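In what follows, a structure is listed as structure tokens, so that the remarks can point back to it.
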Amino acid sequence: MLLEMILAAVLGTIIYLFLTKKKKEDLPMGDGWWAAGQKPDSEDTMIRPFKVVTSEEEIKDLHQRLDKARFVEPLEDSCFHYGFNAIYLKKIVSYWRNEFNWEKQVEILNQFPQFKTKIEGINVHFLHIKPPHLSEGQSAKPLLMIHGWPGSVYELYKIIPLLTDPTNHGLNGDHVFEMICPSIPGFGFSEAPHKQGFNIMCAARVFYKLMLKLGFHKFYIQGGDYGSLICTILAQIAPRHVKGIHLNVVFLTTISFKQKLSILLGQYFPRLFGFQAEDIKQIFPFKKTISKLILETGYMHLQATKPDTVGCGLYDSPVGLAAYILEKFSTWTDRSFKKLEDGGLEKKFTLDDLLTNVMIYWTSGCVVSSMRFYKELLGKGIGVEKHDTFPVEVPTGIAVFPKEMMYIPRSWAQKKYLNIVSFNFMPQGGHFAAFEEPKLLAADIIQFVDKVEKAAFVQ
């Protein structure tokens with residue numbers, strides 16, 4: 001009788017635990033409609049080929065505006081400490097006006113297959129590149145790769161061949177990728193939302209729908225800057241579709257009490273908080289770290305509050321637009337470049353590459369809509385959305401570039417990204433990783449995917 005009672009108690013406990021076990025929860029994704037007016041009964045589902053085009057009128061208008069540019073005299077020896085130095089800006093404008101060939105750059109932009117399709121009422125632009133060849137028995141792995149601000153899909157042009165044809169570029173050819181590289185709505189050649197409220201959650205949902213529309217139900221995702229935020233949410237809303245997420249910068253909008261305590265004591269008791277030597281080097285002295293960050297985030301406050309005000313000027317002036325965008329390509333690549341009169345811009349980039357990115361903003365007229373993205377992200381406050389505290393459970397890879405503006409130690413990152421399988425310190429590079437160091441980033445993506453695939457095979 002006693003044995004029966006014990007067995008009944010054990011069985012009852014097992015049943016209770018099974019019934020009360022908390023089910024894994026996905027982040028609710030919602031839905032939206034971003035075209036002007038009311039949502040129709042049915043939406044256009046076509047996927048149409050797209051090519052970038054230009055005209056003599058477009059180039060003539062640009063040249064006239066460049067010819068009429070006015071320049072502010074910089075302070076003596078100010079370099080880039082006050083922002084874009086006008087002495088060097090004159091050189092940029094001269095090159096832009098007299099040597100830069102936009103028609104040639106349009107041909108480069110059209111080297112990869114491009115398409116547009118309507119999702120939630122707006123035209124979404126994307127590149128879709130298949131591998132040029134596959135080994136016998138090999139299949140391509142779908143990879144969604146997302147750019148940031150003030151970049152564009154052009155940031156990814158140098159890394160695309162490395163991932164779609166790695167063997168011919170000296171990389172591990174065991175994993176070959178079929179790449180989908182969209183323009184964030186309101187950026188470049190994707191249509192801007194016509195209604196308020198289009199934020200990173202909406203972008204993640206749109207790109208998730210894009211992947212399903214293209215027939216991909218299992219895929220990898222990668223991003224930096226806004227791409228990092230969008231990929232993170234995509235992994236939260238569709239964890240059974242995302243095989244792995246790779247980031248080259250991590251953002252945390254909430255921190256725990258222990259993390260706050262580590263700011264005070266981590267320098268003295270690093271092991272207690274899981275800090276590595278690189279963490280100590282990057283974070284402390286914390287006051288200096290925060291001061292550097294504040295010096296470089298004034299644009300963020302402006303764009304998160306009144307983006308249309310400054311946007312009017314940038315929309316109307318190509319020179320103002322270039323100064324505003326290219327200043328970020330200086331400082332975000334390496335903060336020490338502020339000490340140089342040319343901002344060190346040509347140390348990592350060519351003027352053709354830099355101006356091509358600027359021209360995407362100019363010709364598409366997207367600067368204001370791209371800046372509004374900050375207001376939608378931060379307008380309600382920091383850390384107030386459900387996704388801010390929601391975990392990421394899919395396999396995660398993080399590449400840490402030493403000149404990146406934001407540094408998050410692994411011990412902090414793993415509180416949100418619960419399954420970090422790869423966390424590597426890169427030897428060089430800054431914020432625009434795919435643009436600056438495409439081979440380093442490509443190699444890290446490949447080794448991450450290799451780990452995920454081998455782990456899945458063992459299981």
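All of these numbers come straight from a predicted model, not from anything done at the bench.
More than 12 heavy-atom neighbours from other residues, nucleotides or ligands sit within 6.0 angstrom of NZ on Lys209. More than 12 heavy atoms of other residues, nucleotides or ligands lie within 6.0 Å of CD in Glu43, so this atom counts as buried by the packing criterion.
Under a 3.5 Å cut-off, the side chain of Lys288 and the backbone N or O of Ile283 do not form any donor-acceptor pair. Looking only at distances, a side-chain donor or acceptor of His241 sits under 3.5 Å from a matching main-chain atom of His217. Formation of a donor-acceptor pair under 3.5 Å by the Lys416 side chain with backbone atoms of Asp388 is found in this model. Judged by distance alone, the side chain of Thr305 and the main-chain N or O of Leu302 form a donor-acceptor pair under 3.5 Å. Ser370 contributes a side-chain N or O that, together with a main-chain N or O of Val367, makes up a donor-acceptor pair within less than 3.5 Å. Between the side chain of Gln236 and the main chain of Val392, no donor-acceptor pair closer than 3.5 Å is present. For Thr164 (side chain) and Leu162 (main-chain N/O), no donor-acceptor pair under 3.5 Å exists by modelled atom type. A donor-acceptor contact shorter than 3.5 Å is absent between the side chain of His147 and the backbone of Tyr154. Side-chain atoms of Ser183 do not come within 3.5 Å of backbone N or O of Ser190 as any donor-acceptor pair. Looking only at distances, a side-chain donor or acceptor of Glu191 sits under 3.5 Å from a matching main-chain atom of Asn123.
Using cut-offs of 30° and 60° on the angle between ring planes, the pair His128 and Phe126 is tilted. The aromatic rings of Tyr88 and Phe80 sit tilted relative to each other, their planes meeting at an angle between 30° and 60°. Ring geometry, Phe275 versus Phe273: the interplanar angle falls from 30° to 60°, so the pair is classed tilted.
Residues Phe177 and Val449 have side chains in contact (heavy-atom distance under 4.5 Å, counting atoms from C-beta outward). Side-chain contact between Asp352 and Ile108 is absent, with no heavy atoms from C-beta onward closer than 4.5 Å. The side-chain heavy atoms of Met145 and Leu441, taken from C-beta on, include a pair separated by under 4.5 Å. Taking the side chain as every heavy atom from C-beta outward, Tyr157 and Asp353 never approach each other to under 4.5 Å. No side-chain heavy atom of Phe216 sits less than 4.5 Å from a side-chain heavy atom of Leu210.
Under the 4.0 Å criterion applied to side-chain N and carboxylate O atoms, Asp44 and Lys116 are not assigned as salt-bridge partners. Looking at Lys348 and Asp334, no side-chain N of the basic residue comes within less than 4.0 Å of a carboxylate O on the acidic one, giving no salt bridge. A salt bridge does not link Glu436 with Lys403: none of the charged nitrogens is closer than 4.0 Å to a carboxylate oxygen. The pair Lys338-Glu296 meets the salt-bridge criterion, with a side-chain N (NZ, NE, NH1 or NH2) lying under 4.0 Å from an Asp/Glu carboxylate O.
Screening Tyr226, Tyr299, Phe432 against Trp149 for a ring-ring contact (aromatic ring centres under 6.0 Å, His included) leaves a single residue, Tyr299.
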Kindly indicate, with the supporting measurements, whether the criterion side chain to side chain contact (heavy atoms under 4.5 Å, CB included) is fulfilled by Asn172 and Gln447. CA-CA 8 Å; Asn172 179 3; Gln447 66 81 32; over 6 Å; no
